[in-house]
Number of protein chains: 2
Amino acid sequence: MKLSNTNQRRIIIEELRKLDTHPTADELYIIVREKIPQISLGTVYRNLELLSKKGQILKLELTGKQKRFDGNIENHYHLRCTKCGRVVDIEIDDMLEIDKKLNELVDRLSLDGYRLELSGICEICKTEK
Amino acid sequence: MKLSNTNQRRIIIEELRKLDTHPTADELYIIVREKIPQISLGTVYRNLELLSKKGQILKLELTGKQKRFDGNIENHYHLRCTKCGRVVDIEIDDMLEIDKKLNELVDRLSLDGYRLELSGICEICKTEK
DNA sequence: TTAAAATTTGATAATAATTACTATTACTCT
DNA sequence: AGAGTAATAGTAATTATTATCAAATTTTAA
């Protein structure tokens, strides 16, 4: 099935790519409404689902009730803050090595992949305290 | 707050510990009803939550809508089958090394921990095909 | 042991997140 | 432009989980 080019879809992906906050569907809905006030929440959900199926964005199924979405599809890692709940990108050199080992494992066992989520206090909460 | 010793709680934990299927609350509810037919789903949810808070069982927040619970609180890893959706324990020597590296990372960055979920076809689905 | 205090239960209602439905509107392709 | 397909807004439905509360059970401590 081919995706048509709708204004709604374009804005959704555009706004998501501007963010590094990994918004939930309803958070992005609020942002997108600034551009398209009459858009419905269902449209946001539908498009996020479609776009993640097509590999244009990432759907993050982390701890917590709500799914989150990420416009950055490059391989990277997430930290969920145990204090504020934010999901932030984490950049560590060690991850390369761990990633390599995990990929070896995945290959050897003919698996599909893995999902890793770190948890702890994020930088923002650390400095706030 | 101290937990009282109720029949319901005892059966819930007993039945959960017999399983290695990481049941959802409603799956366990069906099983527990064999022993206590009048038990309510709310009681199962409430106790699973309490027991996991007390560290007597594990609450697994993996991919998928429903939370799962594990009576085995020892450090081990899970594979979610992309075909049947089952969550199975995975025993691999490599995990020790990966676990060590991840724990080092967690320590160095003063994090709380990490959550890892492997995905692929489980043994049951492999042999069935 | 017994009565008051605390906790838990079953039953049910409420909530929250997501998905489904549908008539209408917008794209796409020739 | 016009037929065919896909998407939208608005709303209803669903699903998983949590909250509420009166009655029952368990614990505590005299």
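Chain identifiers are assigned alphabetically (A, B, ...) following the order of the sequence lines, protein sequences preceding nucleic acid strands; residue numbering begins at 1 within each chain.
- Nearest nucleotide to the side chain of B:Ser4, out of D:dT26, C:dT18, D:dT17: D:dT26.
- Each of A:Thr6 and B:Asn7 was matched to the nucleotide of DNA chain D holding its nearest heavy atom; the match closer to the 5' end belongs to A:Thr6.
- To the nearest angstrom, C1' of C:dT8 lies 15 Å from CG of B:Leu48.
- For CD of B:Glu91, the number of neighbouring non-hydrogen atoms (other residues, nucleotides, ligands) closer than 6.0 Å is 12 at most.
- Residue A:Gln38 contributes atom CD, which lies 17 Å from atom C1' of D:dT11 at whole-angstrom precision.
- If you measure from atom CD of B:Gln8 to atom P of D:dT26, you get 8 Å, rounded to the nearest angstrom.
- The phosphate of D:dT17 (OP1 or OP2) has a side-chain N or O of B:Tyr45 nearer than 4.0 angstrom.
- The phosphate of C:dC27 has neither OP1 nor OP2 within less than 4.0 Å of any side-chain N or O from A:Lys2.
- The separation between A:Leu50 atom CG and C:dT19 atom C1' is 13 Å, rounded to whole Å.
- Put simply, CZ on B:Phe69 is 7 Å from P on D:dT17, counting in whole angstrom units.
- Across D:dT18, C:dT8, D:dT8, the shortest atom-to-atom separation from the side chain of B:Lys67 is found for D:dT18.
- No donor-acceptor distance shorter than 3.5 angstrom exists from the side chain of A:Gln66 to the backbone of A:Ala25, with no hydrogens or angles considered.
- At a threshold of 4.0 angstrom between heavy atoms, the contacts of B:Arg46 include nucleobase atoms, whether or not backbone atoms are also involved.
- B:Asn47 comes within contact range of the sugar-phosphate backbone alone, with a heavy-atom separation under 4.0 Å but no base atom that close.
- Distance, B:Glu49 CD to C:dT9 C1': 17 Å, rounded to whole Å.
- None of A:Asp112, A:Asp107, A:Leu111 except one satisfies the side chain to side chain contact (heavy atoms under 4.5 Å, CB included) rule with A:Leu109; the exception is A:Leu111.
- Computed from coordinates, the B:Gln66 CD to C:dA17 C1' distance equals 14 Å when rounded to whole Å.
- Between B:Lys65 and D:dT17 there is no side-chain polar atom (N or O) within less than 4.0 angstrom of OP1 or OP2.
- Checking C:dT9, D:dT8, C:dT18 against every side-chain atom of A:Thr43, the shortest atom distance belongs to D:dT8.
- Set against D:dA7, D:dG10, C:dT9, the side chain of B:Arg9 has C:dT9 as its closest nucleotide.
- Mapped onto DNA chain C by nearest heavy atom, B:Leu41 and B:Asn5 fall at different nucleotides, with B:Asn5 at the one closer to the 5' end.
- Nearest approach of A:Ile121 to A:Cys81, heavy atoms of both residues: CA-SG, 4.0 Å.
- Taking atom CD1 of residue A:Ile36 and atom P of nucleotide D:dG10, one finds them 12 Å apart after rounding to whole Å.
- Checking B:Leu62, B:Thr63, B:Asp20, B:Thr21 one by one against B:Val87, the side chain to side chain contact (heavy atoms under 4.5 Å, CB included) holds for a single residue, B:Leu62.
- Phosphate contact (OP1/OP2 of D:dT17, side-chain N/O of B:Lys59, threshold under 4.0 Å): absent.
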